[in-house]
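Data block below; observations after.
When a ligand or atom number is given, it counts from 1 through the structure's own listing order. Atom set for the values below is all heavy atoms of this structure, side chains included, hydrogens, waters and symmetry mates excluded.
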Amino acid sequence: MNENLNPFAIAQAQLDEAAAVLQLDPDMHAFLREPMREFHFTIPVRMDDGTTKTFQGFRVQYNDARGPSKGGIRFHPDETIDTVRALAAWMTWKTAVADIPLGGAKGGVICNPREMSSGEMERLSRGYMRNVARFVGLTQDVPAPDVNTNPQLMAWMLDEYELIIGHREPGVITGKPLPLGGSAGRTPATAMGGMFAIREAAKIVGLNLQGATAAIQGFGNVGSFAHKLAQELFGIKVVPVSDEFGGIYNAHGMNYADVKAHLQRAGKLGGCPNTEPVSNKDLLEMDVDILIPAAIENQLTAQNADHVKAKVVAELANGPTTPEADNILNDKGIYIIPDFLCNAGGVIVSYFEMVQNSYQFYWDEAMVNERLDLNMTTAFKAVHDMSVTQKVDTRVAAYLVAVNRVAEAVRLRGWV
Ligand code: GLU
């Protein structure tokens with residue numbers, strides 16, 4: 001039988017499993033299975049050739065019981081409303097497991113940024129914000145970057161929002177460039193948070209990180225910083241890395257600066273000196289200590305999970321592992337750091353960015369990282385301890401921690 005790869009069906013199935021362990025009240029369970037609100041809209045964009053193209057945009061506010069909803073905006077040709085729903089659900093569990101006072105949301109636009117000019121991207125970003133301006137805001141819903149969106153796009157969106165409301169309000173969006181109120185350490189934050197989680201997992205599985213090997217799938221903001229930080233902080237040897245075109249490999253490890261310099265020259269990883277090509281498929285099955293999926297969802301499936309040889313899977317992507325793959329990896333004794341724990345560093349520093357914007361007082365990068373470490377380590381321990389006491393795998397444990405917290409807020413508000 002083919003696996004169901006619909007990300008929202010997967011997100012709901014994961015919740016169902018946790019609800020059964022928790023013996024969650026059925027009314028609460030039914031409420032938490034669905035997004036609270038979602039918005040679908042069209043974004044007409046004047047293209048460089050004079051034509052107007054209409055893009056489809058989404059914003060899903062999954063749950064805001066614990067605070068204003070929070071989550072990135074993804075620009076992707078394969079975006080669907082169900083992907084955005086799943087990502088918004090995972091944001092809800094992410095902010096809860098990280099114990100920051102925010103809910104979960106996500107945005108998306110069906111588009112292919114690779115085929116668009118900078119001017120077209122600016123007009124699309126501003127058009128997105130014109131559509132969502134009426135229902136985002138510091139106390140409602142705060143967007144951020146995600147796949148294919150970056151600080152420059154956040155700057156255009158912030159500017160559009162402030163033009164509409166007529167005053168400065170930098171905290172309406174995070175992941176901004178520093179001169180517009182961004183936070184030190186926000187760009188590497190997701191990867192940095194993942195490193196703290198890997199450090200904690202290594203203690204549990206008895207892995208010496210100095211000289212350990214890692215495979216990284218994805219070389220966007222998260223994957224590339226994961227390479228840099230794994231090398232610099234721990235002396236991990238990154239053996240293969242990949243982008244959407246394929247991977248590169250060197251058994252002795254690849255120096256981040258060399259790979260980055262090649263990427264800047266060539267526009268893709270392929271052809272990097274002193275490396276051999278490797279497919280994205282083979283990368284996942286390589287004999288390494290740590291596997292870091294840092295691209296998109298549904299990469300570890302029933303088809304390939306049995307071939308994974310890593311001791312630790314650190315999910316820096318959202319939703320990289322299907323439920324069937326999850327069972328296979330757990331049966332093999334692989335330690336999984338589940339996505340909404342492993343990649344919470346981004347939204348944790350986004351929260352710090354909102355705090356700094358509110359206080360108009362800015363921290364240095366050392367302060368940001370120190371606080372990030374504290375949040376990540378506390379969240380990691382809560383999940384690990386839950387998995388030990390409840391005798392469940394780490395993903396179910398992360399759900400138990402998160403769902404308990406969200407359900408408590410929902411109950412206190414008297415919604416269910
Ligand atoms: N897009 C990131 C994530 O999936 C960050 C979200 C945010 O900072 O709001 O966690």
Side-chain angles (χ1 to χ4, degrees), residues 7 11 58-64 66-76 79 83-109 128 132 136-138 140-151 153-154 157-158 170-177 181-194 197 218 220-223 225-226 293-297 314-320 337-357 368 371-372 375-376 379 398 402:
F58 310 107
R59 183 78 183 166
V60 175
Q61 296 172 345
Y62 195 86
N63 189 294
D64 58 8
R66 288 172 40 86
S69 53
K70 185 85 190 78
I73 301 167
R74 187 162 91 151
F75 283 6
H76 202 275
E79 200 63 286
T83 319
V84 183
R85 285 177 181 140
L87 291 160
W90 290 326
M91 284 308 304
T92 304
W93 315 131
K94 193 180 304 190
T95 52
V97 93
D99 209 7
I100 52 178
L102 297 168
K106 202 78 171 199
V109 177
Y128 186 90
V132 301
V136 299
L138 259 184
Q140 289 160 275
D141 180 13
V142 179
D146 200 271
V147 172
N148 288 331
T149 53
N150 59 31
L153 271 61
M154 300 304 111
M157 290 190 193
L158 172 68
V172 71
I173 197 159
T174 59
K176 302 177 290 290
S183 175
R186 174 62 185 85
T187 304
T190 307
M192 182 65 88
N221 182 50
V222 177
F225 273 110
I296 54 170
E297 57 278 358
E315 298 181 340
L316 277 178
N318 288 311
I337 313 174
D339 54 359
F340 65 78
L341 168 64
C342 194
N343 68 32
V347 75
I348 291 170
V349 177
S350 277
Y351 164 60
F352 296 162
E353 186 172 327
M354 292 169 67
V355 170
Q356 294 169 81
N357 293 152
V368 168
R371 286 174 190 248
L372 172 62
N375 276 61
M376 283 301 299

With heavy-atom distances below 4.5 Å as the criterion, would you say the side chains of [X] and [Y] are in contact?
| X | Y | value |
| --- | --- | --- |
| Leu316 | Cys342 | yes |
| Leu153 | Tyr128 | no |
| Val109 | Glu79 | no |

What pair of heavy atoms forms the shortest contact from Asp146 to Lys106, and how long is it?
OD2-NZ, 2.8 Å

Looking at every heavy atom in both Ile173 and Met157, which two are closest together, and how far apart are they?
CD1-CB, 3.7 Å

Test salt bridge (Lys or Arg N to Asp or Glu O under 4.0 Å) applied to Arg59 - qualifying residues, sequence neighbours left out
Asp141

By chain and number, the residues contacting ligand 1 below 4.0 angstrom (heavy atoms only) are Lys70, Gly71, Gly72, Met91, Lys94, Lys106, Ala144, Pro145, Asp146, Arg186, Asn318, Gly346, Val347, Ser350

